Amino acid sequence: MDHGAATRVQEHIGDPVSETPPLDRDDLEEIFADIQGDLRYDHELNGCLNCGICTATCPAAHYYDFSPREIVQLLWTENLEGIYDAMQEKIWACAQCYTCAARCPFGNSPGGLVMLMREVAIKHGMESAKNVLRPFSRVMLKLISTGNQLAPDMINPDHFADWGPNIAKVDAPLKLLRKAIPMPTLNTTATAWEVNLKTSVELYTIWEMTGVLDQLEGIDENLFDVITDIMDEKREDWEDFLDEQEDDDEDD
Ligand code: SF4
Ligand code: SF4
């Protein structure tokens, strides 16, 4: 089958794209180009001996059908179809602990490469990314709208039976205990700590400017709309506050 221009690697090992790929070859090429085009790619992939040291030390490989050696080999041999296939499930097993990066004799970072593949999966709106990230929508909402990931009020003893006897601590009078903490930003249970309006708006602007919100929109449009509404209000509140300050300064 003539696939047009082959890459340098494929000239030596043959074209890995099958007769019936799951996506058009152009789409597979585009996905790989996005991974390979990232600035981090050349730092995290220097070659691969196929030695398997990364997999031998990988905690995720012990529990899942996942091997960092396999992921690195797919990238190193530019196996477009295999890369796409791995992005459907396997890449989401990585715990991002980077034990592999500390062990690889080539100085590769398989965990870093997995991170790149995940980002590209999100960029391309892959179902695997949507499925994996769906359970985290509440955390994303909390994180972006309040600057906190988890709050004491989110922990319900009925939902954390696996904590065993430690769950009794959640039943403690947290509101009262929190009020006793000298730092005022910790006197709340609605968030882990209070993030002031200015910081919250600045964080949101960073997520906006760095493309995080665009990625979120591609993965979960409803969540994006909810967060945008909340943060638009916060921005207006911040603008109003600044206007008031300006008026006060003029009056003085
Ligand atoms: S970063 Fe991922 S691939 Fe590397 S050792 Fe940890 S779980 Fe395994
Ligand atoms: S990525 Fe490194 S540790 Fe893993 S198989 Fe290749 S050379 Fe070996």
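For ligands, and for the atoms within them, numbers begin at 1 and follow the listed sequence. Being a predicted model, the structure only gives us computed values, none of them experimental. In this chain, residues are counted from 1 in sequence order.
Between the side chain of Arg40 and the backbone N or O of Leu116 there is no donor-acceptor pair closer than 3.5 Å.
Protein atoms that are N, O or S and lie under 2.8 Å from atom 2 (Fe) of ligand 1 are these: Cys94 SG. Listing protein N, O or S atoms at distances below 2.8 Å from atom 8 (Fe) of ligand 2, with waters left out, gives Cys51 SG.
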Asp34 and His124: CA distance, side-chain angles, deciding distance, side chain to side chain donor-acceptor pair (under 3.5 Å) verdict: CA-CA 10 Å; Asp34 280 342; His124 285 260; 2.7 Å; yes
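Annotation: ring pair (Phe, Tyr, Trp, His ring centres under 6.0 Å) contacts of Trp193 (sequence neighbours excluded): none.
Salt bridge annotation for Lys123-Glu119: absent, with no cationic side-chain nitrogen under 4.0 angstrom from a carboxylate oxygen. For Arg25 and Glu29, the salt-bridge test passes: some basic side-chain N is under 4.0 Å from an acidic carboxylate O.
Under the ring pair (Phe, Tyr, Trp, His ring centres under 6.0 Å) criterion, the residue pairs touching residues 198-240 are Trp238-Phe241, with sequence neighbours excluded.
Between Thr199 and Asn196, the side chains place a donor N or O and an acceptor N or O closer than 3.5 Å (distance only, hydrogens not considered). Side-chain atoms of Thr99 and Thr57 form no donor-acceptor pair, as typed in the model, at a separation below 3.5 Å.
Annotation: Tyr64, atom OH; neighbour count of heavy atoms from other residues, nucleotides and ligands within 6.0 Å does not exceed 12.
Within ligand 1, counting atoms from 1 as listed, the ones closer than 4.0 Å to a heavy atom of Phe66 are 3 (S).
Rounded to the nearest 0.5 angstrom, Leu197 CG and Lys234 NZ are separated by 6.5 Å.
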